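What you see is a predicted model; the values in this text were computed from it and never measured.
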Amino acid sequence: MKGQDILSSINHDSGMTVPDNYFADFAKKMEAQLPPQPWESEDPVVMPRTFWQKIRPYAYMAAMFLGIWCMMKTFDLMSGDTIIPVEKNSQLMSAINNDAFFNDYCTPTFDESDVIDELYDEGFDPSVITASY
């Protein structure tokens, strides 16, 4: 049993010791050694609150509700369900009232022969229609 002999020969003392009752009044000793601080005076000076300090909580709360309202309005506009009537859209109304714009962009620019050509290109058979009459 050599292992027991080795452990018994080691001194288990770390060498880190403090005098008796060192920490009992440590805080009082440390406080006495520190220089006095200006904010620890006997008569504290209370500064009056400014106008901004008085209304700041209400301004922050109003800004928060305004932000929530803007966020909800943005989500509503992005949803695509909101349809603006034509009568309330001034740019669209001025374009519709402009005859040149309406004829160029809203009136179809093809005639009957263009429709027949498209039908034949798609494989239309006129005998099917004439046979049904």
Check: Shared ILVMFWY cluster between Met30 and Phe23, side chains joined below 4.5 angstrom?
Finding: yes
Next item on the list: Give the cluster check for Phe26 versus Val18: same hydrophobic cluster or not, with ILVMFWY residues linked at side-chain heavy-atom distances below 4.5 Å.
Entry: yes
Residues passing the salt bridge (Lys or Arg N to Asp or Glu O under 4.0 Å) test with Asp25, sequence neighbours excluded, are Lys29
Excluding Tyr120, membership of its hydrophobic cluster (Ile, Leu, Val, Met, Phe, Trp, Tyr; side-chain heavy atoms within less than 4.5 Å) reads Ile116
Excluding Phe51, membership of its hydrophobic cluster (Ile, Leu, Val, Met, Phe, Trp, Tyr; side-chain heavy atoms within less than 4.5 Å) reads Trp52, Ile55, Tyr60
So CZ of Arg56 and OG1 of Thr50: to nearest 0.5 Å the spacing works out to 7.5 Å
**Message:** If we ignore hydrogens and angles and just use 3.5 Å, is the side chain of Glu31 paired with the main-chain N or O of Lys28 as donor and acceptor?
**Reply:** no
Spell out, as yes or no, whether a donor-acceptor pair under 3.5 Å connects the side chain of Asn97 to the backbone of Met93.
-> yes
Sorted by chain and residue number, the ring-ring contact (aromatic ring centres under 6.0 Å, His included) partners of Phe65 (sequence neighbours excluded) come out as none
By side-chain contact (heavy atoms from CB on, under 4.5 Å), Tyr58 pairs with (sequence neighbours left out) Met61
Taken in chain and number order and not counting sequence neighbours, the residues that satisfy side-chain contact (heavy atoms from CB on, under 4.5 Å) with Met47 are Val45
Q.
Other residues, nucleotides and ligands only: do more than 12 of their heavy atoms fall within 6.0 Å of CE on Met72?
A. no
